[in-house]
A.B. asks: 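Before we start, here is the structure in question, set down as structure tokens.
Values below: every heavy atom of this structure, side chains too, minus hydrogens, waters and symmetry copies.
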Amino acid sequence: MRIATWNVNSLKARWPRVEAWLGQVAPDVLCVQETKLADDAFPALSVAAAGYEGVHHGQGRWNGVAVLSRVGVDDVRHGFAGPPPQGASASEARLLTVRCDGVVVVTVYAPNGRAVGHEQYYEKLAWLKALVDHLDAVATPGDEVVVCGDFNVAPDDRDVWDPAACHGGTHVSPAEREAYQRIVDWGLVDVLRARFDDAGIYSWWDYRAGAFHRHLGMRIDLVLASTPLASRLEWVLVDRNARKGQAPSDHAPVMAGFAPRSPAP
DNA sequence: ATGGTCGTCCAACGA
């Protein structure tokens, strides 16, 4: 089973790239962030023609998350199942939970936070905290769960191009990293870090200043698997090719492969 | 030379 996550930065603008990528890579499940679509603008027919069942949670213009699956989708829940976070982000389309082939799939688009100390920064911390309550409401750590998406947090200094240059900004502050750690502590494994301990593996690069070609990025798009699912992990990668060429998103997809479940004894 | 780009939709603003 191949599970991928991709912040596409507008599904309308990116659909040609997403459609081609689905055709070439054929993930079983793709979690999408920043569709920037209202639900009635989601390209359901095109998604179906590509062989996927799509579920979308959007509001138009900003945010918007989706799950595309070719192994079925049920138990759809839009937004928070537990207490929502304080602040405006509670009503934003940033969270969608479904079940695909027995795996609870949670797609997340965490608030950016704007600047350390800004009101939106504290809302981001509250949002990440509310995500833990959401996980408690929809699953237990003994279930097969994957929480993936754009967390807008670089978990440690290996995940940014220059820790000194990033110091004082969002995505790397101790409070954000602690809020992220509480999500992991629910019972999840960062599957990329389970396979690689290298610095310099990124999933996002600023459009400006040739950042991609200069290898100036951050790893903020993460696949977090519960222990029962992580035990089946075979491989994980960042598809940097999807960041190249004409009209790319500023994020690359991250994808993990899981072995089939062992047959019952 | 101290910025540099996208997306939303036409004016800034958010990332």
A.B. asks: State which of B:dA15, B:dG4, B:dG14 makes the closest approach to the side chain of A:W62.
C.D. replies: B:dG14
A.B. asks: How many whole angstroms separate atom OH of A:Y109 from atom P of B:dG7?
C.D. replies: 14 Å
A.B. asks: If the plane angle is over 60° it's perpendicular, under 30° parallel, otherwise tilted; pick one for A:Y180 and A:F151.
C.D. replies: perpendicular
A.B. asks: Taking atom P in both B:dG4 and B:dC13, compute the distance separating them and give it to the nearest angstrom.
C.D. replies: 16 Å
A.B. asks: Considering heavy-atom distances to DNA chain B, does A:R61 or A:D206 have its closest nucleotide positioned more toward the 5' end?
C.D. replies: A:D206
A.B. asks: Can you spot which of A:V106, A:L30, A:V76, A:V29 makes a side-chain contact (heavy atoms from CB on, under 4.5 Å) with A:V67?
C.D. replies: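 Going through A:V106, A:L30, A:V76, A:V29 one by one, the side-chain contact (heavy atoms from CB on, under 4.5 Å) with A:V67 is satisfied by A:V29 alone.
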A.B. asks: Figure out the CH2/C1' separation between A:W205 and B:dA15, and round it to whole Å.
C.D. replies: 16 Å
A.B. asks: Would A:F80 and A:W127 count as a close aromatic pair, with their ring centres under 6.0 Å?
C.D. replies: yes
A.B. asks: When you check the phosphate oxygens OP1 and OP2 of B:dC13, does a side-chain N or O of A:R114 lie under 4.0 Å from one of them?
C.D. replies: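 Indeed not, no polar side-chain atom of A:R114 lies that close.
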A.B. asks: Can you check the A:N63 CG to B:dG14 P distance for me, whole Å?
C.D. replies: 12 Å
A.B. asks: Which residue, A:R214 or A:A13, contacts DNA chain B at a nucleotide closer to its 5' end, judged by nearest heavy atom?
C.D. replies: A:R214
A.B. asks: With rounding to the closest Å, how many angstrom separate the P atoms on B:dA15 and B:dC9?
C.D. replies: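 B:dA15 and B:dC9 have their P atoms separated by 15 Å.
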A.B. asks: May I ask you to decide if the ring planes of A:W204 and A:H171 are parallel, tilted or perpendicular, using 30° and 60° as cut-offs?
C.D. replies: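 Parallel: the ring planes of A:W204 and A:H171 meet at under 30°.
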A.B. asks: Mind calculating the distance between CD (A:Q33) and P (B:dA15) to the nearest angstrom?
C.D. replies: 15 Å
A.B. asks: Nearest whole Å is fine: how far is B:dA15 P from A:F212 CZ?
C.D. replies: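 Going from CZ in A:F212 over to P in B:dA15 covers 23 Å.
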A.B. asks: Do A:D198 and A:R219 sit within salt-bridge range, that is, some charged N less than 4.0 Å from a carboxylate O?
C.D. replies: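 Salt bridge flag = no for A:R219 with A:D198.
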A.B. asks: C1' atom, B:dA11 versus B:dG7: distance in rounded Å?
C.D. replies: 14 Å
A.B. asks: Can you tell which of B:dG4, B:dC6, B:dT8 lies closest to the side chain of A:Y207?
C.D. replies: B:dC6
A.B. asks: Could you tell me how far apart A:E34 (CD) and B:dC13 (P) are, to the nearest whole angstrom?
C.D. replies: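 It works out to 19 Å between those atoms.
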A.B. asks: What is the distance from CG of A:L216 to P of B:dG4, rounded to the nearest Å?
C.D. replies: 16 Å
A.B. asks: Whole angstroms only, please: what is the CG-C1' distance between A:N7 and B:dC6?
C.D. replies: 12 Å
A.B. asks: Please tell me if A:S10 has a side-chain N or O lying less than 4.0 Å from either OP1 or OP2 of B:dT8.
C.D. replies: yes
